[in-house]
Amino acid sequence: SSRYGTACKVSLWDSDEPIPRTDLLQGVSGAHGILCLLSDRIDAEVINAAGPNLKVISTLSVGFDHLAVGEIKKRGVRVGYTPDVLTDATAELTVALLLATARRIPEGVEEVKNGGWSSWKPLWLCGYGLSGSTVGVIGLGRIGLAIARRLKPFGVKRLLYSGRTSKPQAAEVDGEFASLDRLVSESDFVVVSCSLTPETQGLCDKALFSKMKKTAVFVNTSRGAVVNQEDLHEALSSGRIAAAGLDVTTPEPLPTDHPLLKLKNCVILPHIGSATYSTRGIMAELCANNLLAGLTGSAMPSELAL
Ligand code: NDP
Ligand code: DGY
């Protein structure tokens, strides 16, 4: 029971590992609500398997590219998600990844351990700094703006952003709306924080990398599929761009023999943008409350407008 005054029968996949598809399809049968993770693809097959009782899908994420939104809308099912509560944690991680990549921190840590640190050398392990730089943010949404706010005090000179529409809130960070072409050709750091949509799928490809500065650092904390990884590998291994930091990849997990993992100028994290204890706790509570509101037909704390 809860503040929504309802008692629910809960069928729980009691493991941190993703539920196998067959268990998911069986487990949702007859359910009124589904609480899912971003690793669960909720498509027509799952919705059919749930059947006509289904009223609400609540995802423990702000990204909803794993949900077949068109299909869900058609059936009158409501969707809950977790915007805002993970914005700060994800923006912090993005800044950490940007600095780690630009200043070659994982490489440096490795050199200390493997004996590569022989003495102080003038150009050894040099990277790129934010002071006086131009930063380009692809997708100045909640997280994009929070990243920009954090980067500005490092002495960033110009902040460009791209998207479908210009954003009045960009004024706070002196953000300049720019075409994607201009953003990538003028930026020292290109940060991707847009949502994954049919339009942004594969957006960061050979054509985009070829317009970037040779000294540019590319960072992606949105979704792996926004990047064409073969093209990124080519850009990094040929020195077309300086370095890349990725918190998201295709697939996830990235196979341990993946070519990107062999590159020193590519820093890859295992999708930990929102991973602070506090944030994950708040996300879980919001996700449960969205589900309960959907079950009782009341206003959800965070409902996705379909
Ligand atoms: P928002 O909806 O606030 O922001 C998404 C932004 O993407 C919008 O500003 C939108 O701009 C922009 N966008 C959409 N299409 C394009 C395009 N074609 N080109 C450029 N920008 C575009 O979402 P959040 O900021 O809360 O989250 C963003 C994404 O970050 C999530 O969808 C998720 O995939 C990812 N994420 C990753 C995490 C991690 O752990 N690494 C943690 C949390 C989120 P416009 O309005 O102009 O279309
Ligand atoms: C999201 O919420 O979309 C992230 O990828 C995980 O927090």
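As the structure lists them, so they are numbered: ligands from 1, and atoms in each ligand from 1. Note: hydrogens, waters and symmetry copies are ignored here, and every other heavy atom, side chains too, is used.
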| Verdict with supporting geometry, Thr59 and His66, side-chain hydrogen bond (donor to acceptor under 3.5 Å, both in side chains) | CA-CA 9 Å; Thr59 183; His66 56 301; 2.9 Å; yes
| query | Stepwise, does the salt bridge (charged side-chain N to carboxylate O under 4.0 Å, His left out) test hold for Arg280 with Glu285? | reply | CA-CA 9 Å; Arg280 287 287 166 82; Glu285 198 175 324; over 6 Å; no
| field | Check against salt bridge (charged side-chain N to carboxylate O under 4.0 Å, His left out), Glu172 and Arg149 | value | CA-CA 8 Å; Glu172 187 199 328; Arg149 272 196 206 113; 2.5 Å; yes
| message | Applying side chain to side chain contact (heavy atoms under 4.5 Å, CB included) to Leu97 and Val267, what does each step give before you reach the verdict? | response | CA-CA 8 Å; Leu97 178 58; Val267 178; 3.8 Å; yes
| Under the side-chain hydrogen bond (donor to acceptor under 3.5 Å, both in side chains) criterion, do Ser298 and Thr296 qualify, and how do the steps go? | CA-CA 6 Å; Ser298 36; Thr296 53; 2.7 Å; yes
| query | What do the steps show when you test Asp174 against Arg158 for salt bridge (charged side-chain N to carboxylate O under 4.0 Å, His left out), and what is the final call? | reply | CA-CA 8 Å; Asp174 300 322; Arg158 278 198 314 154; over 6 Å; no
| query | For Met212 and Val190, what are the C-alpha separation, side-chain angles and deciding distance, and is it a side chain to side chain contact (heavy atoms under 4.5 Å, CB included)? | reply | CA-CA 9 Å; Met212 282 171 63; Val190 173; 3.9 Å; yes
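The shortest N/O to N/O separation between Thr165 and ligand 1 falls below 3.5 Å. Between Asp65 and ligand 1, no pair of N/O atoms sits closer than 3.5 Å. Where the criterion is an N or O separation shorter than 3.5 Å, residue side chain and backbone included, Gly141 meets it with respect to ligand 1. On a distance-only criterion, Gly63 and ligand 2 share at least one N/O pair closer than 3.5 Å. Residue Gly273 places at least one N or O, backbone or side chain, under 3.5 Å from an N or O of ligand 1.
Applying the 4.0 Å criterion to heavy atoms of Leu86 picks out, from ligand 2, the atoms 2 (O), 7 (O). Every atom of ligand 2 with a heavy atom of Met283 under 4.0 Å away is listed here by number and element: 7 (O). Those atoms of ligand 2 that come under 4.0 Å of a heavy atom in Leu38, given as number and element, are 4 (C), 5 (O), 6 (C). Taking a cut-off of under 4.0 Å to the non-hydrogen atoms of Ser162, the atoms of ligand 1 that pass are 20 (C), 21 (N). For ligand 1, the atoms closer than 4.0 angstrom to any heavy atom of Gly139 are 12 (C), 20 (C), 21 (N). In the vicinity of Ser274, heavy-atom distances shorter than 4.0 Å reach the ligand 2 atoms 6 (C), 7 (O). Shown in contact with Ser61 at under 4.0 Å from a heavy atom are these atoms of ligand 2, numbered in order with element: 1 (C), 2 (O), 3 (O). The Ser195 neighbourhood of ligand 1 comprises atoms 5 (C), 7 (O), 14 (C), 32 (O), with distances under 4.0 Å to a heavy atom of that residue.
Of the candidates Arg142, His66, Gln201, it is Arg142 that places a heavy atom closest to atom 24 (P) of ligand 1. Between Ser274, Gly163, Ser193, Gly144, it is Ser193 that holds the heavy atom closest to atom 28 (C) of ligand 1. The option with the heavy atom closest to atom 44 (C) of ligand 1, from among Val62, Val226, Thr200, Leu93, is Val62. Closest to atom 40 (O) of ligand 1 by heavy atom, among Gln169, His271, Met283, is His271.
In terms of heavy-atom proximity, Ser222 sits nearest to Val248 at O-CG1, 3.5 Å. When all heavy atoms of Tyr128 and Ala242 are compared, the closest pair comes out as CE1-CB, 3.7 Å. The two atoms that bring Lys167 and Tyr161 nearest to each other are N-OH, 2.7 Å, heavy atoms only.
Ranking the protein heavy atoms by distance from atom 27 (O) of ligand 1 puts Ile143 CD1, 3.4 Å first. In terms of protein heavy atoms, atom 13 (N) of ligand 1 is closest to Cys194 CB, 3.7 Å. Remark: minimum distance from atom 2 (O) of ligand 2 to any protein heavy atom is reached at Val62 N, 2.7 Å. The protein atom (non-hydrogen) at minimum distance from atom 18 (N) of ligand 1 is Glu199 OE2, 3.1 Å. Of all protein heavy atoms, the one lying nearest to atom 14 (C) of ligand 1 is Arg164 NH2, 3.5 Å. Taking atom 5 (O) of ligand 2 as the reference point, the nearest protein heavy-atom neighbour is His271 NE2, 2.6 Å. With respect to atom 3 (O) of ligand 2, the closest heavy atom belonging to the protein is Arg223 NH2, 2.7 Å. The shortest contact between atom 33 (C) of ligand 1 and any protein heavy atom is with Arg223 NH1, 3.5 Å. In terms of protein heavy atoms, atom 45 (P) of ligand 1 is closest to Lys167 NZ, 3.2 Å.
By the 4.0 Å N-to-carboxylate-O rule, Glu45 lies close enough to Arg21 to be salt-bridged with it. Comment: Glu234 does not engage Lys206 in a salt bridge, judged by the lack of any side-chain N to carboxylate O separation of less than 4.0 angstrom. The pair Lys74-Glu71 meets the salt-bridge criterion, with a side-chain N (NZ, NE, NH1 or NH2) lying under 4.0 Å from an Asp/Glu carboxylate O. Here Arg240 does not pair with Asp231 in a salt bridge; the nearest charged N to carboxylate O distance is not below 4.0 Å.
In this structure, Thr90 has a heavy atom closer than 4.0 Å to ligand 1. The shortest heavy-atom distance from Ser222 to ligand 1 is under 4.0 Å. Contact annotation: Thr221 has at least one heavy atom less than 4.0 Å from an atom of ligand 1.
Just one residue in the list Val135, Leu99, Leu98 forms a side chain to side chain contact (heavy atoms under 4.5 Å, CB included) with Phe154, and that residue is Leu99. Checking Leu196, Thr200, Thr250, Asp247 one by one against Arg223, the side chain to side chain contact (heavy atoms under 4.5 Å, CB included) holds for a single residue, Leu196. Remark: of the listed residues Val219, Thr221, Leu260, Leu260 is the sole one forming a side chain to side chain contact (heavy atoms under 4.5 Å, CB included) with Leu246.
For Asp247, every heavy-atom contact with ligand 1 shorter than 4.0 Å involves the side chain, none the backbone. At a heavy-atom cutoff of 4.0 Å, ligand 1 is contacted by no atom of Thr197, backbone or side chain. Proximity of Ala275 to ligand 1, defined as any heavy-atom pair under 4.0 Å, is not found for any part of the residue.
Asp40 places no side-chain N or O within 3.5 Å of a backbone atom of Cys36 that could act as its donor or acceptor partner.
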